[in-house]
Amino acid sequence: MSRRSRSRSPLPPLASEALRVIALGGLGEIGRNMTVFEHRGALLIVDCGVLFPEEHQPGIDLILPDWSAVRDRLGEVSAIVLTHGHEDHIGALPYLLRERADIPIIGSALTLALVAAKLDEHRLTPTLIEVAAGQSHTRGPFDLEFFAVNHSIPDGLAVAIRTTAGLVLHTGDFKMDQFPLDRRRTDLRGFARLGEEGVDLLLIDSTNADVPGFTTSERELGPAIEAVFRTTAGKVVVSSFASHIHRIQQILDASHTQGRKAAFVGRSMVRNMTLARTLGYLTVPDEVVVEPEDLESLPPHQVTLICTGSQGEPMAALSRMAAGTHPIDVGDGDTVLLASSLIPGNENAIYRVINALTDRGAHVVHKGNANVHVSGHASAGELIYCYNIIEPRHVLPVHGESRHLRANADLAVSTGIPADNVLTATNGTVIDLHEGRARTTGQIPIGLIYVDGRTVGGTTDELLAERRTLGEEGVVTVTVLIDPDTVTLTEDPDFIARGFAHDPATFDPVIPVIVAALRRAAPRRPDRRTIEKILIREVQQWSRRVHRRTPVVIPVVIDA
């Protein structure tokens, strides 16, 4: 486990009939969304997602929410409610269910299908409770009501949580597309009804709070996507999130119109589209979808490939195509369509892929040069609209980096919500709703829980720093033969270096530095560990002074 955010402050006892909200993830970051609600001795969890690592976290596969504050209370969890099926909302479920496998999971049909497939890979059999927009469900002291919301994945839900402490509305990720491809609009009528009832606390998506106006409708992308297919003489390679079923529907429709056959490439893409097709969320025109090997006999102008890798993931199909290591060759006459947003932190990886594809002769179309993707999140105009129809007593902006949360808070205040009632929080913030008032009552320590291969929580920030040093500064192994009586070298040290220019004499100048340091330490009769520390210090300081680098130094001390 990595760093903790802030020091632990003792939490006051939860007042009788009060509702406690504990933010375990998703505040100050795009990912690992998880919120715990406590009422009458029971817990309710909303979402349980992952955060994807950035370049400064080498070797890390996923980052989990830190649920250590409630680990000893998992037996009190009434259910986990999932707002939708994106990885940043469901990806941590396998790791939580390893600790208690029978927690009921509540979600929409598509969300639960994606969850079941994920948990099957982890050999977990979950307890699934399917709900739909417009339905209600009670778990322990929590009365839940679900509302349809638009997002970049079908079947998203907002959830109203009624308790004796008051009414809470959690929007999940949402936008207000007035012309959604599946005709399933965000239930503003339901939101208004809740407003009439009186929403005591609104948890609301902040991702696009700093974007003016309204998010563009998915339907408006149709002409730009169709133009790509109409004007491309070779193959069309589309890279998208494996969960963006609406976008894949547009791609399949355009392929059909232009007489192309389409194939899915990538395990997650094949799995998700098969599920979506089976459940009726994806309509496939007759005989459009074929197996990838069936495309080999077709001329390029009849070929569409739909794959993963839109974020520059090194092992994804698109990155391998860009590197020329994939069976499918991409080059002159082909168009690569990146039908996805750019997640903060992935910029360098994405542009490397774009440049590599361009070098191979492909034309790359992306959000920066064509209208081929829109966000799945509400922009400022939509958030203001929601504040005005719901008129919540208190607001907690969620799902966003610090700038998004602050922008959302400012929007709430601009609509007339008192500034004292707009709660800006970080991961670990604890908020109590009692007698109509929501107030911050404490802060619990929250860390980054790293998944490193099969190890969960064992990787630390210190270890990641060492990995970065290995990658950026190099490593030097220094072997010395020491006379234990005099603490002097019996012969010159042996150096093995990686990450330095190869020259046998590179480290000759540091030898007298080591000799002098050992001479100074000799009167104190240093033990082996102390000698190792001397070697590390002297080699690092010399290297920093001479080479402007601070390598990892591995000392090997042998008694002569």
Side-chain angles (χ1 to χ4, degrees), residues 8-27 32-50 64-83 89-107 111 115 119 124 126-129 131 136-146 157-170 172 200-201 203 396 398-399 423 425 427-434 438-447 449:
R8 180 183 295 272
S9 59
L11 297 178
L14 183 60
S16 176
E17 302 305 319
L19 173 70
R20 175 160 286 172
V21 182
I22 308 172
L24 296 185
L27 301 186
R32 65 172 192 155
N33 297 281
M34 185 175 183
T35 308
V36 176
F37 297 85
E38 178 183 356
H39 183 58
R40 288 185 172 180
L43 304 179
L44 179 76
I45 297 173
V46 174
D47 289 332
C48 187
V50 296
L64 307 180
D66 182 359
W67 53 74
S68 57
V70 297
R71 175 167 283 117
D72 59 353
R73 300 185 62 192
L74 291 181
E76 302 169 19
V77 177
S78 299
I80 301 171
V81 174
L82 302 176
T83 58
H89 292 257
I90 70 171
L93 277 173
Y95 304 93
L96 180 61
L97 294 183
R98 288 178 187 176
E99 301 188 31
R100 183 191 158 196
D102 64 343
I103 302 177
I105 301 172
I106 302 173
T111 300
V115 166
L119 294 180
L124 292 168
T127 302
L128 303 178
I129 301 173
V131 294
S136 297
H137 186 82
T138 298
R139 299 298 300 183
F142 304 99
D143 292 326
L144 311 173
E145 185 178 1
F146 299 93
L157 295 171
V159 57
I161 305 170
R162 291 183 176 85
T163 69
T164 58
L167 171 60
V168 175
L169 173 61
H170 193 315
D200 295 289
L201 178 61
L203 283 72
L396 174 60
V398 297
H399 196 291
L423 307 170
N427 290 334
T429 296
V430 178
I431 295 167
D432 288 355
L433 175 63
H434 182 54
R439 287 292 177 265
T440 299
T441 55
Q443 185 80 29
I444 61 174
I446 294 291
I449 309 301

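Every value quoted in this text rests on a predicted model; they were computed, and no experiment measured them.
- Residues I45 and V77 form a side-chain contact, since some pair of their non-hydrogen atoms from C-beta on lies under 4.5 Å apart.
- Contact check for L24 versus D66: no side-chain heavy atoms found under the 4.5 Å cut-off.
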### Task
With side chain to side chain donor-acceptor pair (under 3.5 Å) as the test, would you mind laying out the steps for T127 and D102 before giving the verdict?
CA-CA 6 Å; T127 302; D102 64 343; over 6 Å; no
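- L82 places none of its side-chain heavy atoms less than 4.5 Å from the side chain of I106.
- Minimum interatomic distance between P126 and L124 (heavy atoms only, all atoms of both residues): CD-O, 3.4 Å.
- Looking at T163 and F142, their side chains come closer than 4.5 Å, going by heavy atoms from C-beta outward.
- Heavy-atom minimum distance, G166 versus D200: CA-OD2, 3.1 Å.
- A donor-acceptor pair under 3.5 Å is absent between the side-chain atoms of R20 and the main chain of E38, judged by distance alone.
- Of the possible donor and acceptor atoms, one in the side chain of N427 sits under 3.5 Å from a partner among the backbone N and O of L27.
- Looking at every heavy atom in both residues, A92 comes nearest to P65 through CB-CD, 3.7 Å.
- Residues S16 and H434 bring no donor and acceptor atom of their side chains to less than 3.5 Å of each other.
- With sequence neighbours left out, R139 forms a side chain to side chain donor-acceptor pair (under 3.5 Å) with no residue at all.
- Separating the CG atom in D143 from the CG atom in L167 is a distance of 10.5 Å, to the nearest 0.5 Å.
- For the 3.5 Å distance criterion, the side chains of T429 and Q443 qualify, holding a donor opposite an acceptor.
- Using a 4.5 Å cut-off on side-chain heavy atoms (C-beta onward), D47 and I90 make no contact.
- The shortest side-chain heavy-atom distance between I431 and L19 does not fall under the 4.5 Å cut-off.
- When side chains are defined from C-beta on, L201 counts as touching L396, because their heavy atoms get closer than 4.5 Å.
- For the atom pair CG of L93 and CG of L119, the computed distance is 6.0 Å after rounding to the nearest 0.5 Å.
- Going from atom CG of L97 over to atom CD1 of I103 covers 6.0 Å, rounded to the nearest 0.5 Å.
- For H89 and H399, the ring centers sit closer than 6.0 Å to each other.
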